[in-house]
Amino acid sequence: MGEPKKVILTCAQPTGVLTMGNYLGAVKNWASMLGSYQCFFGVVDQHAITTKYVPANLRKNTLSCVAQYIACGLDPKQANLFIQSHVTGHTELAWLLSCLTPIGELQRMTQFKEKVAQLGFKASDNEDVTSELKFSHSGSRAQSSINAGLLMYPVLMAADILLYNADAVPVGSDQRQHLELCRDLAQRFNHTYSDTFTIPEPFIPKSGARIMSLQEPASKMSKSDANQSATLYILDDPDVLRKKIMSAVTDSGSEIKVSEDKPGVSNLLQIHSLLSGTSMTELELHFTGQGYGALKQEVADVVVAAMEPVQARYSELIKDKGYLESVLKDGADAAQQRAYKMLSKVYRKAGFVERPR
Ligand code: AMP
Ligand code: TRP
């Protein structure tokens, strides 16, 4: 018998339909790790309530995300797929970790500051960790007050990871700072009590597949883009996918090659390459002497062909509530078993009296 498999854990918010960026930059990579690691994939509904939301949509999006992940290749036989709120322990561990976290560290988180700014507030840049939260209200743009959950978001994320004593966490580079906090908290806990947590490694993809907007290829393809023709969704109808790709912004000149001054063409080549498995160099050779129209046409064919089985599988899954529930039950059971062991250990070390049986 070899070494036990290392544990990887990653989570995502149930934000609706995945984009081609989510698929190529995240989910496809997770799927490629299935055989080599013990995998836990969580849909974090408790994180999703830190900003304004509609309960019925949260419920719908959470199930839809699970179905999309399975359709994209996260095989539930090889991975534990679970919903965060189904496992007791995430919020409990977050509470404990929050008592090891100075408020100032949370106030300095980039994502927190960005979200606060989106709400129409200005966060003070006060570096004093003992200072009070100071926010100046910039008037009519403010939609609601800043809740403590938004500030606590990274602590809950640290709990998601440490509850499974994960060895590694695949995330996009935007989550690097949160993962750093998680590692600090694990070290702080180990130091304050005794050695308990493995310090989790970030798994940030080397190739850095970053899929760019079809309309403004200098910025990332994103769900929240005001111009929806810039974003490919994995569940877009084939006609819609084609239309968006055919109207993608290309660059001056006519040569089809990967280059910094050709962000539009490079992005299309990248999407083709990741989906077809053809290297960018081979693609450049293949398109020699052809125009942008031919490139777009072929990228559209490749995207539509790659999404066809994903979409077919998704429509089966979303109708099969019984199957989704059985996947979620198995996932939650496996996650809960591991989480319970870890939480009991942590509670003992923290000085909580064990519950008599
Ligand atoms: P988000 O939807 O922004 O929460 O991202 C979920 C995951 O998808 C993260 O791992 C991101 O890094 C990844 N991701 C989102 N958009 C893109 C993109 N345009 N290109 C590559 N990866 C992306
Ligand atoms: N904050 C992550 C994001 O927005 C989602 C997340 C929550 C997460 N808990 C996690 C990612 C634990 C990895 C591990 O993408």
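All ligand and atom numbering here is 1-based and tracks the order in the structure.
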K243 vs D239, test: salt bridge (charged side-chain N to carboxylate O under 4.0 Å, His left out). Steps then yes/no. CA-CA 6 Å; K243 211 164 148 211; D239 289 355; over 6 Å; no

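Between R338 and V7, some side-chain heavy-atom pair lies under the 4.5 Å cut-off. Inter-residue side-chain proximity for I199 and N190 is flagged as met; some heavy-atom pair is nearer than 4.5 Å.
If you number the atoms of ligand 2 from 1 as listed, the ones under 4.0 Å from a heavy atom of V169 come out as 13 (C), 14 (C). The K220 neighbourhood of ligand 1 comprises atoms 15 (C), 16 (N), 17 (C), 18 (C), 19 (N), with distances under 4.0 Å to a heavy atom of that residue. Distances below 4.0 Å separate heavy atoms of G172 from the following atoms of ligand 1: 10 (O), 12 (O). Applying the 4.0 Å criterion to heavy atoms of R210 picks out, from ligand 1, the atoms 20 (N), 21 (C). Interface of V171 with ligand 2, defined as ligand atoms under 4.0 Å from a residue heavy atom, comprises 11 (C), 13 (C). For ligand 1, the atoms lying closer than 4.0 Å to a non-hydrogen atom of K223 are 2 (O).
For atom 1 (N) of ligand 2, the closest non-hydrogen atom of the protein is Y153 OH, 2.7 Å. Nearest non-hydrogen protein atom to atom 5 (C) of ligand 2 is C11 O, 3.6 Å. For atom 20 (N) of ligand 1, the closest non-hydrogen atom on the protein side is I211 N, 2.9 Å. Nearest to atom 9 (N) of ligand 2 among the protein's heavy atoms is D160 OD2, 2.6 Å.
Between R188 and E105 there is a salt bridge, since a side-chain N of the basic residue sits under 4.0 Å from a carboxylate O of the acidic one.
At least one heavy atom of N22 sits less than 4.0 Å from an atom of ligand 1.
When Q175, H178, H47 are checked for heavy-atom proximity to atom 2 (C) of ligand 2, Q175 turns out nearest. Residue G21 holds the heavy atom nearest to atom 17 (C) of ligand 1 of all those in S173, G25, G21.
Taking the six-membered ring for Trp, Y69 and F41 have ring centres at least 6.0 Å apart.
Neither the backbone nor the side chain of D174 comes within 4.0 Å of ligand 2, counting heavy atoms alone. Contact annotation: for L156 versus ligand 2, there are no heavy atoms closer than 4.0 Å.
D174 and Q111 share no donor-acceptor pair across their side chains, judged by distance under 3.5 Å alone. Q68 and Y23 are not linked by any side-chain donor-acceptor pair at a separation below 3.5 angstrom, with hydrogens and angles left out of the test. Defined by atom type and a distance below 3.5 Å, a donor-acceptor pair is missing between the side-chain atoms of N29 and S32. Using modelled atom types and a 3.5 Å distance limit, the side chains of S279 and E282 yield a donor-acceptor pair.
There is a protein heavy atom less than 4.0 angstrom from atom 22 (N) of ligand 1.
Among the atoms of A26, none of the N or O lies under 3.5 angstrom from an N or O of ligand 1. For a threshold of 3.5 Å applied to N or O pairs, the pair formed by M221 and ligand 1 contains at least one separation below that value.
Of the candidates Y164, Y340, F40, H90 forms a ring-ring contact (aromatic ring centres under 6.0 Å, His included) with just one, namely Y164. When each of L9, D167, L162 is tested with P200 by the rule side-chain contact (heavy atoms from CB on, under 4.5 Å), just one qualifies, namely L162.
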